[in-house]
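Structure record follows, encoded as structure tokens.
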Protein chains: 2
Amino acid sequence: MKPIKNNPSPLPDPPITVWQTTSFGGSPTVYTRPLARLIEQLQHLPGVGPKTAQRLALHILKRPEDEVKALAMAIVEAKLQVGFCSVCFHLSAEPVCEICRAPNRDSSTICVVADSRDVIALEKTREYRGKYHVLGGLISPIDGIGPDQLHIHQLQRRVSQQKIEEVILAISPSVEGETTTLYVGHLLKPFTRVTRIAFGLPMGGDLEYADEVTLARALEGRRDLE
Amino acid sequence: MKPIKNNPSPLPDPPITVWQTTSFGGSPTVYTRPLARLIEQLQHLPGVGPKTAQRLALHILKRPEDEVKALAMAIVEAKLQVGFCSVCFHLSAEPVCEICRAPNRDSSTICVVADSRDVIALEKTREYRGKYHVLGGLISPIDGIGPDQLHIHQLQRRVSQQKIEEVILAISPSVEGETTTLYVGHLLKPFTRVTRIAFGLPMGGDLEYADEVTLARALEGRRDLE
């Protein structure tokens, strides 16, 4: 594998996203080819621009070989081993995820979220001890995402076939989130109690700086002092 | 490969840097094992904390398999293929780097820098058409780095054996940088002209906000108007 061209062609290289090495004329000679490829690949990651990609790449080149291989291995193995739980569609390396298999979690409560990262966020609170259901997105007709593209059908089956006492809808209050909440709520109400997480002033938030919609929601959701 | 433990032991796991999955009792069940490993590995990268690592890892899981493999491959290949140029010690995938091999670059001028990233920064200016020499660090007695730990010996050989008209020292004005500049300067002065890059007010910089040392340097380095 010869990564570097040595032809003295006066034609410029085709446009590329990063500086690359060329060896003719007075052209830029900044990154050696494998380094340019790595920088290019790293730029596909979210929030990684050319400068961060260069810093990460140069850092990788300085680390010991086994550490670099461990990183590459972790990337490939995570991709190959992690799929979706067949019950709740959370990320899982097993056919059924740990949360669904946990014997001491409350099987009569299902918390419905849009994405696996919402499960992770909720788990970190250590407050919720029931089960989950990951929809895999939100209803968005503009993007061509209807109820059939999400795991709503499977949720309905879970709720209708098992003894579920409560379904908590934990979905962000965006346009798509509201649509999804309404749709799923109507669908499940014949089978069980359906609730929705509270919206209002965030903890530590300043009332003065809260937007009107949040304030209106906070007023609407007011509760008696105990 | 069974990544998840199923023993109902009441003993907690040994301390680890990220949340991991365990399946007993009321313990946290946040990341499935391969995902936890990936997040842990990503946190070794500079500027990547737990939140960024999670975002990157979940992004990687969502990408197509071939794209993920391309990233892992680029990481390993860059590490295995990129070494140092035997002449100037810049990063190179070949025994002698592109800059050293370029026939149309001025071989009589050597720009001396501390690190390969300085070469990249200087090349991006497209102003310099000579050769380079990467020292691989700066003299720092506190850290046990003396001239013998750097590529100073090889620089002296280059300068004494070839027809070098000018050596430009492009080293940051830190304590270690000044020490290194003085040392290398004295070493090479018998053989050739030794210069040093200018220090002063940065372009676009406001005189009012410049620190005293920079201003003093800018005054000291003043030049006749042409």
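Values in this document were obtained by computation on a predicted structure and should not be read as measured data. Numbers restart at 1 for each chain; the letters A, B, ... are given by sequence-line order, proteins then strands.
Atom CD1 in A:I60 sits 12.5 Å away from atom NE2 in B:H44 (nearest 0.5 Å). If you take CG on B:L56 and CG on A:L56, they are separated by 8.5 Å, rounding to the nearest 0.5 Å. A:E40 contributes atom CD, which lies 10.5 Å from atom CG of B:L71 (distance to the nearest 0.5 angstrom). In this structure, CZ in B:R33 is found 13.0 Å from CD in A:E77, a value given to the nearest 0.5 Å.
In this structure, chain A has a heavy atom under 4.5 Å from the side chain of B:L80, while its backbone stays farther away.
The choice from B:V76, B:L45, B:L122, B:V48 that makes the most heavy-atom pairs within less than 4.5 Å of chain A is B:L45. Chain A forms the most heavy-atom pairs under 4.5 Å with one residue out of B:A72, B:A121, B:A74, B:P46, and that residue is B:P46. In terms of heavy-atom pairs under 4.5 Å with chain B, the best-connected choice from A:L58, A:L42, A:L35 is A:L58. Among B:Q54, B:E67, B:K69, the residue making the largest number of heavy-atom pairs under 4.5 Å with chain A is B:Q54. Comparing B:A57, B:S116, B:A70 by heavy-atom pairs within less than 4.5 Å of chain A, the highest count is held by B:A70.
For B:F199, the CZ atom sits in a packed shell: over 12 heavy atoms of surrounding residues, nucleotides or ligands are nearer than 6.0 Å. Around CZ of B:R117, the count of heavy atoms belonging to other residues, nucleotides or ligands within 6.0 Å exceeds 12. Atom OH of B:Y128 has more than 12 heavy atoms from other residues, nucleotides or ligands within 6.0 Å.
Listed for the B:T32 side chain is a donor-acceptor partner under 3.5 Å among the backbone atoms of A:A93. Although no hydrogens or angles enter the test, the distance criterion places a donor-acceptor pair under 3.5 Å between the side chain of B:K79 and the main chain of A:R63.
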> Can A:L38 and B:V82 be said to form a side-chain contact (heavy atoms from CB on, under 4.5 Å), step by step?
Replying inline: CA-CA 11 Å; A:L38 174 56; B:V82 178; over 6 Å; no

>> Evaluate A:D115 against B:K62 for side-chain contact (heavy atoms from CB on, under 4.5 Å), listing each step before the verdict.
In response: CA-CA 12 Å; A:D115 196 277; B:K62 286 197 175 166; 2.9 Å; yes

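Taking all atoms of both residues into account, the shortest heavy-atom contact from B:K124 to A:V30 is CE-CG1, 4.2 Å.
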